[in-house]
2 protein chains.
Amino acid sequence: MQSTLSALAEPNRLHIVELLLDGPLPVGEIADRLELNQPQVSKHLRVLTSAGLVEVQPEANRRIYKLQPKPLQELDEWLGSYRRMWEDRFDRLDAYLLELQGKANHQNASKQDPKQP
Amino acid sequence: MQSTLSALAEPNRLHIVELLLDGPLPVGEIADRLELNQPQVSKHLRVLTSAGLVEVQPEANRRIYKLQPKPLQELDEWLGSYRRMWEDRFDRLDAYLLELQGKANHQNASKQDPKQP
DNA sequence: CATCTATATGCCTTGACAGGCATATTCCAA
DNA sequence: TTGGAATATGCCTGTCAAGGCATATAGATG
């Protein structure tokens with residue numbers, strides 16, 4: 001989860017992942033399409049590998065990398081577990097004020113855009 | 001998207017976001033619960049703010065931060081647009097070989113675990 | 001105004017990381 | 001075996017970001 005996010009935080013790595021969504025590719029192809037130097041691609045692929053995001057498959061001379069669904073699925077599930085919250089809306093300021101203090105001093109904090117007035 | 005990932009890549013910031021999923025909180029509370037120094041929390045919140053992940057709402061002396069659903073939704077959609085792919089499976093090595101070369105020299109690259117032989 | 005609280009900012013240091021480049025390694029072919 | 005293609009690794013450098021700390025700022029209150 002954390003490692004997944006760190007891995008994807010790097011722009012070029014995100015590009016690599018997006019590229020691999022279309023199917024497995026060897027290192028050279030990736031470097032070619034993204035206009036990166038081969039060594040950097042190898043390094044990025046190492047990070048992605050230790051994050052479990054890709055898997056290598058030797059094919060003769062080349063090493064073909066393919067995406068690994070698990071980490072993306074987990075990220076998806078993480079988001080999914082809170083999906084309903086933002087569909088609802090979680091800017092319930094009152095909730096905090098009530099929960100934190102219990103006092104009744106939360107004087108109408110609805111400066112938001114109330115969808116249903 | 002990219003900024004969302006970078007923002008969440010930092011462990012403490014991810015914690016802050018997870019914390020705010022339960023509702024808005026003032027800076028001090030966040031620092032308190034996560035056992036972080038207040039200045040660092042303010043800095044993290046600034047990053048989260050410029051990533052659009054949180055929004056501040058001044059309440060008297062304090063500044064209450066609340067989550068902003070949009071970036072998380074976008075991340076969710078990004079994953080969602082590929083969700084079916086990993087449900088299917090995208091380790092179609094043949095696809096690459098055919099697509100890239102068109103040549104007939106892809107000699108039975110199925111070293112994978114063929115689910116349906 | 002004096003002061004206290006809550007928060008933001010600035011400065012500094014340190015560590016991590018990405019890119020560039022040379023080189024090692026692996027595999028294939030002749 | 002020699003050579004060449006594909007890839008990984010090691011070294012170096014520069015940059016950037018995070019933490020620690022002191023301090024500035026804003027609002028409340030007496």
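Since the model is a prediction, treat every value here as computed from it, not as a measurement. Any value given below was found using the heavy atoms of this structure, including those in side chains, with hydrogens, waters and symmetry copies removed. Here is the naming used below: chain letters follow the sequence lines, and residue numbers restart at 1 for every chain.
For the pair A:Arg13 and C:dA18, the criterion of a side-chain N or O lying under 4.0 Å from OP1 or OP2 is met. Dashed line: the shortest gap from a side-chain N or O of B:Asn37 to OP1 or OP2 of D:dG19 is not under 4.0 Å. Remark: B:Tyr65 is not in phosphate contact with C:dA6, judged by side-chain N or O atoms under 4.0 Å from OP1 or OP2. Residue A:Arg63 places at least one side-chain N or O under 4.0 Å from the OP1 or OP2 atom of D:dA8.
Of all non-hydrogen atoms in A:Asn37 and A:Ala31, the two that sit nearest each other are C-CB, 4.4 Å. Looking at every heavy atom in both residues, B:Gly52 comes nearest to B:Gln68 through O-CB, 3.1 Å. When all heavy atoms are compared, the tightest approach of B:Ala51 to B:Pro71 is O-CG, 3.9 Å. Of all the heavy atoms in A:Leu20 and A:Tyr65, the pair that sits closest is CD2-O, 3.6 Å.
Between A:Lys70 and A:Glu74 there is no salt bridge, since no side-chain nitrogen of the basic residue lies less than 4.0 Å from a carboxylate oxygen of the acidic one. Between B:Glu59 and B:Arg63 there is no salt bridge, since none of the side-chain N atoms of the basic residue sits less than 4.0 Å from a carboxylate O of the acidic one. We find that B:Asp76 and B:Arg83 are joined by a salt bridge, their nearest charged nitrogen and carboxylate oxygen being less than 4.0 Å apart.
Taking atom NE2 of residue B:His15 and atom P of nucleotide D:dG19, one finds them 12 Å apart after rounding to whole Å. Look at CG on A:Asn12: it is 9 Å from P on C:dA18, rounded to the nearest Å. Whole-Å rounding puts the A:Leu36 CG to C:dG20 P distance at 8 Å. At whole-Å resolution of the value, CD in B:Glu35 and P in D:dG19 are 14 Å apart. We find that CG of A:Leu14 is positioned 16 Å from C1' of C:dA18, with the value rounded to whole Å. Rounding to whole angstrom units, CG of residue B:Asp32 and C1' of C:dT5 are separated by 14 Å. Look at CD on A:Glu59: it is 11 Å from P on D:dT7, rounded to the nearest Å. One atom, CD of B:Glu29, and another, C1' of C:dT5, lie 15 Å apart when rounded to the nearest Å.
Of the residues in residues 40-52 of chain B, B:Gln40, B:Lys43, B:His44 come within less than 4.0 Å of DNA chain D through at least one heavy atom, sorted by number.
Each of A:Val56 and B:Ser6 was assigned the nucleotide of DNA chain D with the nearest heavy atom; the assignment lying further toward the 5' end belongs to A:Val56.
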Review item, nucleotides 27-30 of chain C N/O atoms under 3.5 Å of protein N/O:
{"unit_1": "C:dC27", "atom_1": "O2", "unit_2": "A:Asn61", "atom_2": "OD1", "d": "3.4"}

(request) Walk me through it: do B:Trp78 and A:Glu18 pass the test side chain to side chain donor-acceptor pair (under 3.5 Å)? (result) CA-CA 10 Å; B:Trp78 182 82; A:Glu18 286 174 326; 3.2 Å; yes
(request) Could you walk me through whether A:Gln38 and A:Ser42 pass the side chain to side chain donor-acceptor pair (under 3.5 Å) test, one step at a time? (result) CA-CA 6 Å; A:Gln38 174 267 317; A:Ser42 284; 3.1 Å; yes
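Helix-axis bend for the helix from C:dC1-D:dG30 to C:dA30-D:dT1: the local axis fitted to the five terminal pairs at one end deviates from that at the other end by 10°, rounded to 10°.
The structure places CZ of A:Arg13 at 8.0 Å from CD1 of A:Ile16, a figure rounded to the nearest 0.5 Å.
Proximity of A:Leu75 to A:Leu5: side-chain heavy atoms (C-beta onward) are separated by under 4.5 Å at one or more points. At least one side-chain heavy atom of B:Leu53 sits less than 4.5 Å from a side-chain heavy atom of B:Leu72.
A donor N or O paired with an acceptor N or O is found under 3.5 Å between the base of D:dA8 and the side-chain atoms of A:Gln38.
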